Structures are given as C-alpha cells and as structure tokens.
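See structure below.
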2 protein chains.
Amino acid sequence: MGATNTTHYSDLDNKLAAFCKALAHPARVAILKHVAKVGSCICNEIVDELPLAQPTISQHLRELKSLGLIKGSVEGVSICYCINKEVWDEYQTLFNNLFSDLKPAGNCC
Amino acid sequence: MGATNTTHYSDLDNKLAAFCKALAHPARVAILKHVAKVGSCICNEIVDELPLAQPTISQHLRELKSLGLIKGSVEGVSICYCINKEVWDEYQTLFNNLFSDLKPAGNCC
DNA sequence: CTCCCATATTGCAATATTACGATAAATTTA
DNA sequence: TAAATTTATCGTAATATTGCAATATGGGAG
C-alpha cells in the first residue's frame with residue numbers, strides 16, 4: 001500500500017485531489033506566491049528566498065510544472081518561470097464548484 | 001528526510017498547505033461530497049459507498065475531522081458526520097485570496 | 001449481564017514524499 | 001576550447017501516507 005488507488009473515483013475528484021496534492025506543501029505555496037509577486041519571471045532567486053537546497057527547489061518546480069500550474073522557458077543561462085493563468089482559471093472554477101457543493105449542507109450536529 | 005519542515009514558512013502558507021493536504025486524496029474529496037449530498041448526517045454508509053475498508057474510511061474521517069472540515073457527534077450506536085460550515089467559509093476566503101494573488105501575474109513566457 | 005452493532009485504534013507492509021550531496025547537461029562568457 | 005553559471009537528474013536516507021486485518025471500545029437490545 002502507500003499508493004493511492006485512483007481507479008474507483010470520479011475524474012473530477014481525482015483532478016481536485018491531484019491539484020491539492022500539488023499545493024500540499026508550504027514550499028510550493030511559497031514558490032507560487034513568489035513567482036506571482038515577482039511578476040514576469042525568475043530563476044534561482046527562489047533558492048535564495050526559501051530555506052531549501054537547489055535540487056529540492058527544482059523537484060518542487062517539477063511537480064508544479066507537471067500539473068501545468070507554472071510554465072518555464074529557457075532564458076539564456078537561466079529559466080523563466082511564470083504562472084500558467086489558463087490552468088489556474090480552470091482550477092478556480094473546480095474549487096468554486098466544490099465550495100458550492102459543500103456549503104449548502106450546513107450544520108446538522 | 002520525508003518530513004516537511006514548516007518552521008520557515010508563513011502561517012498562511014502552512015495553513016493553506018495543510019488544508020490542501022487534507023483534500024489531496026480522492027477518497028477524502030468523495031467523502032466530503034457524500035456527506036454534503038446526504039445532507040444532514042451519515043455513518044458507515046461511506047464504507048458502502050467507497051471501495052475502501054472500514055478502518056481506512058475511519059482514518060480518512062479522522063484527518064478531515066482533525067482539521068475541523070467535518071464534525072462528528074454520537075447519534076445512538078452510530079456517529080453523525082457533517083460539514084463544518086464555519087471552517088469552510090474560512091478556507092474559501094483563504095483560497096479566494098490565493099487565486100487573487102496568483103492570477104494577476106499573467107503569462108510572461 | 002451478555003450479545004451485537006458501529007466506529008476507533010493498533011500493528012504492519014507497501015509505496016510515496018521530502019530533502020540533499022554529487023553529478024550531469026546546457027549555455028554563456030572568456 | 002575551457003571555465004563558469006544555472007538548472008536538472010540520480011542516488012539515497014529519513015519519514016509520511018495508504019490500506020487492511022485484527023482487535024478494542026462504547027453503546028443499544030435482549
């Protein structure tokens with residue numbers, strides 16, 4: 001075990017869970033916020049910004065990139081990362097729907 | 001390692017990450033939706049609903065409960081679970097703020 | 001009190017995640 | 001070409017997560 005069996009759940013539930021998994025580490029939340037704050041682009045400023053070694057940052061960036069939450073393009077020696085707006089719009093809709101589904105339930109106990 | 005070091009991140013980032021961690025499994029997303037759909041209350045209907053054994057469901061419920069996302073109260077022999085609306089309101093605000101922070105960044109690359 | 005039912009806890013095995021040092025790959029500069 | 005810089009990948013250790021069988025716990029029913 002230790003492996004999540006995704007085959008029995010709806011595509012939507014799996015997608016929401018995968019998105020949340022990508023945000024389920026404070027370093028990745030901080031990376032996203034930093035990328036957004038600096039605005040256009042960055043590179044290994046993140047390594048200076050966060051208390052993690054360069055390979056660890058690279059690993060977190062890969063997870064975010066694999067879900068499409070950020071994009072990276074080669075910019076000379078370094079790499080430019082930025083928020084992938086379209087993908088975020090999609091997940092925001094998913095999340096709004098989740099909140100809509102859950103909130104009307106209200107408090108029974 | 002394998003342990004996330006939360007001490008170097010902001011309380012907000014840690015809180016968001018902890019919330020996402022709770023939703024980072026499709027079974028827990030499905031449990032929340034089921035609890036909300038059935039509305040008032042449930043018990044081990046979840047065990048019949050999902051392809052997981054009773055101890056596994058109980059474990060997922062504990063994770064959701066420990067973050068305050070659901071409440072449980074004894075109802076005779078069984079236990080009544082429901083959505084904790086106040087807590088969800090709080091996280092919805094957190095999430096809306098996150099989306100607001102990230103989206104204006106737009107696409108640079 | 002005893003049995004039964006629903007839920008929780010424990011213990012364990014398999015796998016995933018986190019983190020980093022060492023190193024590779026790619027590109028710019030000298 | 002060679003050295004320097006930036007990022008990615010590999011290998012590995014420590015810890016966390018997932019899942020279940022077995023068992024414990026806490027109430028109601030008889």
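Note on naming: letters A, B, ... go to the chains in the order of the sequence lines (proteins, then strands), and numbering restarts at 1 for each one. Computed from a prediction, not measured in an experiment: that's the story for all the values here.
In this view, A:V77 satisfies the side-chain contact (heavy atoms from CB on, under 4.5 Å) rule with no residue, not counting sequence neighbours. Checked against ring pair (Phe, Tyr, Trp, His ring centres under 6.0 Å), B:Y9 has no partners two or more places apart in sequence or in another chain. Partners of B:N97 under the side-chain contact (heavy atoms from CB on, under 4.5 Å) rule, at least two apart in sequence or in another chain, are B:T93. Qualifying side-chain contact (heavy atoms from CB on, under 4.5 Å) partners for A:V74, counting only residues two or more places apart in sequence or in other chains: none. Listed by chain and number, the residues in a salt bridge (charged side-chain N to carboxylate O under 4.0 Å, His left out) with B:K21 amount to none (sequence neighbours excluded). Residues satisfying the salt bridge (charged side-chain N to carboxylate O under 4.0 Å, His left out) test with B:K15, not counting sequence neighbours, are B:E90. Taking A:S66 as the reference, nothing meets the side-chain contact (heavy atoms from CB on, under 4.5 Å) condition, with sequence neighbours excluded.
Near DNA chain C, meaning a heavy atom under 4.0 Å from it, residues 18-29 of chain B has no residue at all.
Annotation: salt bridge (Lys or Arg N to Asp or Glu O under 4.0 Å) contacts involving residues 49-60 of chain B, sequence neighbours excluded, are absent. Residue pairs meeting the side-chain hydrogen bond (donor to acceptor under 3.5 Å, both in side chains) criterion with at least one partner in residues 50-61 of chain A, sequence neighbours excluded, are A:R28-A:H60.
Summary of helix geometry: the two end axes of the helix from C:dC4-D:dG27 to C:dA30-D:dT1, each defined by five base pairs via their C1' atoms, are inclined to each other by 20° (rounded to 10°).
When the P atom of C:dT7 is taken as reference, atom CD of B:E63 falls 18 Å away, rounded to whole Å. Here C:dT7 presents its P atom at 12 Å from CD1 of B:I31, a figure rounded to the nearest Å. Rounded to whole Å, atom P of D:dA8 lies 6 Å from atom CG of A:L61. With rounding to whole Å, B:H60 atom NE2 is found 13 Å from C:dA8 atom P.
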| What string of B, S and - do you get for nucleotides 20-30 of chain C 5' to 3' if you count protein non-hydrogen atoms under 4.0 Å? | BBB----SS--

